Amino acid sequence: MATWNSRGLRGSFLEELVNLTNEKYRSQKLALIQKVPTPIKPINIDKDTRHITLAYFEQKSTVDYIGVVQGIPVCFDAKECAKDTFPLANVHEHQIRFMQEFEQQEGVAFLLIYFKGRDCFMYLPFSHLYRFWERMESGGPKNFKYEELDPSFEISTYSGTFVHYLEQIQMDIERR
């Protein structure tokens with residue numbers, strides 16, 4: 001079992017930006033996206049502060065976010081990457097299955113990736129992620145490089161929204 005403080009807070013910078021973006025989308029009535037909480041089982045609780053000091057995840061999570069954009073169901077995971085190579089170990093098989101099933105139900109699934117070294121946000125459609133996944137399953141690299149991504153899915157920061165990903169969802173839908 002993984003402890004909640006060993007891996008669970010990686011990516012919190014990106015998640016904070018996505019949370020702020022989702023609040024703005026909600027206030028503008030553009031989308032209703034919610035963070036999916038991961039249930040934890042507290043093991044140790046500090047009696048004085050009543051803070052959890054050790055906990056375990058109760059079950060595997062699906063994705064970080066789920067909701068609806070103008071009637072279109074969406075789900076996605078937010079990931080940070082320190083280098084230009086994204087390890088596919090950051091995505092779990094149960095997440096791939098969930099996103100695949102979500103898309104089979106006419107939803108839109110994707111990753112939002114923050115490449116820290118480039119200070120760049122990328123939208124990765126599930127179909128692209130799945131190609132990298134299948135390549136890995138066939139014995140290929142267990143990662144993909146920034147250069148392999150479609151540059152048109154880079155998320156611009158011009159709009160005043162922190163991680164404005166709605167345009168990329170529209171592009172994703174139009175290219176299907």
Side-chain angles (χ1 to χ4, degrees), residues 1-45 50-82 86-116 121-130 132-133 136 144 149 153 155 161-173 176:
M1 265 192 213
T3 59
W4 71 280
N5 61 359
S6 67
R7 295 180 58 148
L9 294 179
R10 292 185 313 167
S12 58
F13 168 73
L14 175 59
E15 287 188 3
E16 184 60 30
L17 293 179
V18 171
N19 292 341
L20 292 169
T21 299
N22 290 340
E23 286 176 27
K24 184 170 182 175
Y25 287 165
R26 183 177 184 178
S27 71
Q28 294 176 338
K29 301 196 183 318
L30 295 173
L32 181 60
I33 309 290
Q34 296 218 314
K35 175 91 172 85
V36 177
T38 303
I40 62 168
K41 179 177 180 158
I43 303 299
N44 292 332
I45 300 174
R50 299 184 54 127
H51 288 120
I52 298 170
T53 58
L54 178 65
Y56 292 99
F57 293 116
E58 284 185 356
Q59 61 190 9
K60 294 177 180 177
S61 63
T62 52
V63 292
D64 290 333
Y65 296 92
I66 197 161
V68 64
V69 177
Q70 303 293 302
I72 299 164
V74 299
C75 76
F76 63 96
D77 220 53
K79 305 285 187 187
E80 289 188 18
C81 185
F86 183 89
L88 287 165
N90 289 348
V91 183
H92 303 284
E93 187 174 343
H94 67 274
Q95 292 176 307
I96 293 290
R97 281 195 313 272
F98 180 83
M99 288 188 277
Q100 188 173 37
E101 292 172 3
F102 196 86
E103 290 225 332
Q104 288 168 350
Q105 293 292 324
E106 310 272 327
V108 176
F110 56 95
L111 291 185
L112 288 180
I113 305 172
Y114 176 56
F115 288 92
K116 291 181 190 179
F121 299 93
M122 291 296 291
Y123 176 105
L124 181 64
F126 176 72
S127 60
H128 297 193
L129 171 62
Y130 194 67
F132 295 132
W133 188 265
M136 176 189 72
F144 58 85
L149 302 178
F153 280 106
I155 297 171
T161 302
F162 298 99
V163 186
H164 185 47
Y165 57 87
L166 294 183
E167 292 173 3
Q168 283 69 25
I169 290 175
Q170 185 64 38
M171 277 191 332
D172 188 357
I173 292 168
R176 292 173 182 228

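Positions are given from 1, in the same order as the sequence printed here. For clarity, every value in this text was computed on a predicted model and none was experimentally measured.
One distance of note links CG of L166 with CD1 of I33; it measures 8.0 Å at 0.5 Å rounding. To the nearest 0.5 angstrom, N19 atom CG is 10.5 Å from Q34 atom CD. Atom CD1 in I173 sits 12.0 Å away from atom CD in Q168 (nearest 0.5 Å).
Salt-bridge annotation for R97 and E101: absent, with no side-chain N of the basic residue lying under 4.0 Å from a carboxylate O of the acidic one.
Looking at E80, its side chain does come within 3.5 Å of a backbone N or O of L14 through a donor-acceptor pair. A distance-only check finds no donor-acceptor pair linking the side chain of Q28 to the backbone of E23 [under 3.5 Å]. Of the possible donor and acceptor atoms, one in the side chain of Q70 sits under 3.5 Å from a partner among the backbone N and O of L30.
Counting only heavy atoms from C-beta outward, the side chains of L129 and L88 approach each other to under 4.5 Å. Side-chain contact check for L149 versus H128: every heavy-atom pair is 4.5 Å or farther apart. Two residues are said to be in side-chain contact when any heavy atoms from C-beta on lie closer than 4.5 Å; N22 and Y165 meet this criterion. Looking only at side-chain heavy atoms (C-beta outward), L124 and F153 stay at 4.5 Å or farther from each other. A 4.5 Å side-chain heavy-atom check between F98 and D77 finds every atom pair outside the cut-off.
Shown here are the side chain to side chain donor-acceptor pair (under 3.5 Å) partners of Q170, two or more places apart in sequence or in another chain: E174. Remark: K35 pairs with E15, D64 by the salt bridge (Lys or Arg N to Asp or Glu O under 4.0 Å) rule, at least two apart or across chains. A search for ring pair (Phe, Tyr, Trp, His ring centres under 6.0 Å) contacts involving Y65 returns F76, not counting sequence neighbours. Considering only residues two or more places apart in sequence or on other chains, Q100 meets the side chain to side chain contact (heavy atoms under 4.5 Å, CB included) condition with Q104, F126, Y130.
Taking the six-membered ring for Trp, F162 and F121 have ring centres at least 6.0 Å apart.
In terms of heavy-atom proximity, M122 sits nearest to I155 at C-CD1, 4.1 Å. Contact between F132 and F144 at its shortest, heavy atoms only, is CD1-CD2, 3.4 Å. The two residues W133 and H92 come nearest to each other via the heavy atoms CH2-C, 4.0 Å. Of all the heavy atoms in Y25 and V163, the pair that sits closest is OH-O, 3.9 Å. In terms of heavy atoms, C75 sits closest to I66 at CB-CG1, 4.1 Å.
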Side-chain polar contacts of residues 105-115 - donor-acceptor pairs under 3.5 angstrom, sequence neighbours left out - could you list them?
| residue | atom | partner | partner atom | Å |
| --- | --- | --- | --- | --- |
| Y114 | OH | D119 | OD1 | 2.7 |

